[in-house]
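Just below is one structure, and these are the notes that go with it.
Since this is a predicted model, take the numbers as computed values, not measurements.
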Amino acid sequence: MVFPDIPSRQPSIPSFLYHTHTHTPMPPSSVETKKTTTPEKSPSFMIQAPSDKRIAMFSPQYYAACTAGGIFSCGLTHMAVTPLDLVKCNMQINPAKYKGIGSGFGVLLREQGVKGFFRGWVPTLLGYSAQGACKFGFYEFFKKYYSDIAGPENAAKYKTFIFLAGSASAEVIADIALCPFEAVKVRVQTQPGFAKGLSDGLPKFIRAEGASGLYKGLVPLWGRQIPYTMMKFSTFENIVEAIYKNAIPLPKDQCSKKTQLGVSFAGGYIAGVLCAIVSHPADNLVSFLNNAKGATVGDAVNKLGIMGLCTRGLPLRIVMIGTLTGAQWGIYDAFKVFVGLPTTGGSPAPAKN
């Protein structure tokens, strides 16, 4: 039986989602000449993906690359700021003892030494690596998925809603991966003597509160992380687009990779400051609930007060999250560039006919 030729369906993707580079094929004679006259060059440190092996957008390899970028960007950055996170958590739990940033570091240094500054780094690294993998990988998936549902015209018109919906959906999954590690991390960091790290802290936590206790803080974690991530991704995308439109004279695809990565870091830092403010009350709740067995949201409100939930530890968290988010977007987009993918955000210049 002979089947008629059926043209392959090419989805019409809104241009704001991505911009790929086009390559003009060389004539056969030019290729042959180049092979015979051009000496072989030694590979550079930053290896660019060859054009004929470039990762196809929205392919399984594309989502795998975004997932790997998320692991590097979140796991490494959160581990690097463990000392700041440690002081912040203790300021939230024991404000009478940890009265400020400077005094908090002083208390830690006197009581635990320099090694104490990185207490809980293993659950931090593993937990936020798992979270980053899901956060960035599923964000790229849901952003494409919701754009396809809306159609090119509506997706471009309501792109901020696409960013919000995609990031919220991704974070629901990411927090399920993070929650057990976060529970152990907070207990290790705020209760000296509880455990040295993840290897002894996890079984001790399970013996005390059962496996379900690891997810006691999941709802507050969602309350902290979902608004945080919605703000983080939607504001980043819009800030980056605004930078390219108003602050840089060249279209994004004509800018150097260094410039594009600089824009990614700047957009991420600004977005991070906004994220910290929006998600800080829930962050206080997560620290409070994971530190005290049987504690409830009502207990946290009664002890800390509404104003305390919104402001306690906020200046330190703004510095931490701003730097963290800027570094995350920088690392994530640097990894994408390394494997031959475009950086995130920024509408490309209109295609010339």
Flag the pair [X] / [Y] as yes when at least one side-chain heavy-atom distance between them is below 4.5 Å, and no otherwise.
X      : Y      : answer
Arg224 : Leu221 : yes
Phe163 : Asn238 : yes
Phe58  : Lys143 : no
Leu109 : Phe117 : yes
Thr344 : Phe233 : no
Thr229 : Tyr139 : no
Thr259 : Ile248 : yes
Met57  : Pro342 : yes

Pairwise distance [atom1]([X]) to [atom2]([Y]) - rounded to 0.5 angstrom:
X      : Y      : atom1 : atom2 : value
Ser264 : Phe236 : OG    : CZ    : 4.5 Å
Gln328 : Asp333 : CD    : CG    : 12.0 Å
Leu218 : Ser212 : CG    : OG    : 12.0 Å
Gln225 : Ser279 : CD    : OG    : 7.0 Å
Leu214 : Ile206 : CG    : CD1   : 5.0 Å
Lys204 : Lys196 : NZ    : NZ    : 11.5 Å

Kindly give the heavy-atom pair with the smallest separation between Gly345 and Val240, and that separation in Å. C-CG1, 3.7 Å
Search all heavy atoms of Arg312 against all heavy atoms of Asn284 and return the closest pair with its distance. O-ND2, 3.4 Å
Under the side chain to side chain contact (heavy atoms under 4.5 Å, CB included) rule, collect the residues that match up with [X], sequence neighbours excluded.
X      : answer
Leu289 : Pro220, Ala295, Val297
Lys303 : Phe288
Phe118 : Thr82, Pro83, Trp121

Spell out, as yes or no, whether a donor-acceptor pair under 3.5 Å connects the side chain of [X] to the backbone of [Y].
X      : Y      : value
Gln189 : Asn90  : no
Lys216 : Ala183 : no
Tyr215 : Ile176 : yes
Glu237 : Thr160 : no
Thr325 : Gly322 : no
Asn94  : Met91  : no
His78  : Leu126 : no
Asn302 : Gly298 : yes

Does a side chain donor of either Tyr146 or Ser169 reach within less than 3.5 Å of an acceptor in the other side chain? yes
Side-chain donor-acceptor contact under 3.5 Å, Thr77 with Tyr332: no
Cluster membership besides Val273, Ile/Leu/Val/Met/Phe/Trp/Tyr side chains within less than 4.5 angstrom, sorted by chain and number, is Phe265, Tyr269, Ile277, Leu314, Ile318
Side chains of residues 66-75: which donor-acceptor partners sit under 3.5 Å, not counting sequence neighbours?
{"from": "Thr67", "atom 1": "OG1", "to": "Tyr63", "atom 2": "O", "distance (Å)": "2.8"}
{"from": "Ser73", "atom 1": "OG", "to": "Gly69", "atom 2": "O", "distance (Å)": "3.1"}
{"from": "Ser73", "atom 1": "OG", "to": "Gly70", "atom 2": "O", "distance (Å)": "3.2"}

Are [X] and [Y] grouped together when hydrophobic residues (ILVMFWY) are joined by side-chain heavy atoms under 4.5 angstrom apart?
X      : Y      : answer
Phe138 : Met231 : no
Phe181 : Ile226 : yes
Phe161 : Leu274 : no
Ile162 : Tyr62  : yes

Can we say Lys245 and Glu241 salt-bridge, meaning some charged N sits less than 4.0 Å from an Asp/Glu carboxylate O? yes
Among residues at least two apart in sequence or on other chains, which ones pass salt bridge (Lys or Arg N to Asp or Glu O under 4.0 Å) with Arg187? Glu209
Go through it in stages, so that I can follow the logic: the residues are Lys257 and Phe338, the test is side-chain contact (heavy atoms from CB on, under 4.5 Å), and I'd like the CA-CA distance, side-chain angles, deciding distance and then a yes or no. CA-CA 10 Å; Lys257 294 302 181 185; Phe338 178 76; over 6 Å; no
Matching residue for Phe136 among Trp329, Phe335, Tyr128, Phe141 - test: ring pair (Phe, Tyr, Trp, His ring centres under 6.0 Å): Trp329
When you look at OH of Tyr145, are more than 12 heavy atoms from neighbouring residues, nucleotides or ligands closer to it than 6.0 Å? no
Start with the C-alpha distance between Lys232 and Glu171, add both sets of side-chain angles, then the distance that settles salt bridge (Lys or Arg N to Asp or Glu O under 4.0 Å), and finish with yes or no. CA-CA 11 Å; Lys232 172 180 179 176; Glu171 191 59 39; over 6 Å; no
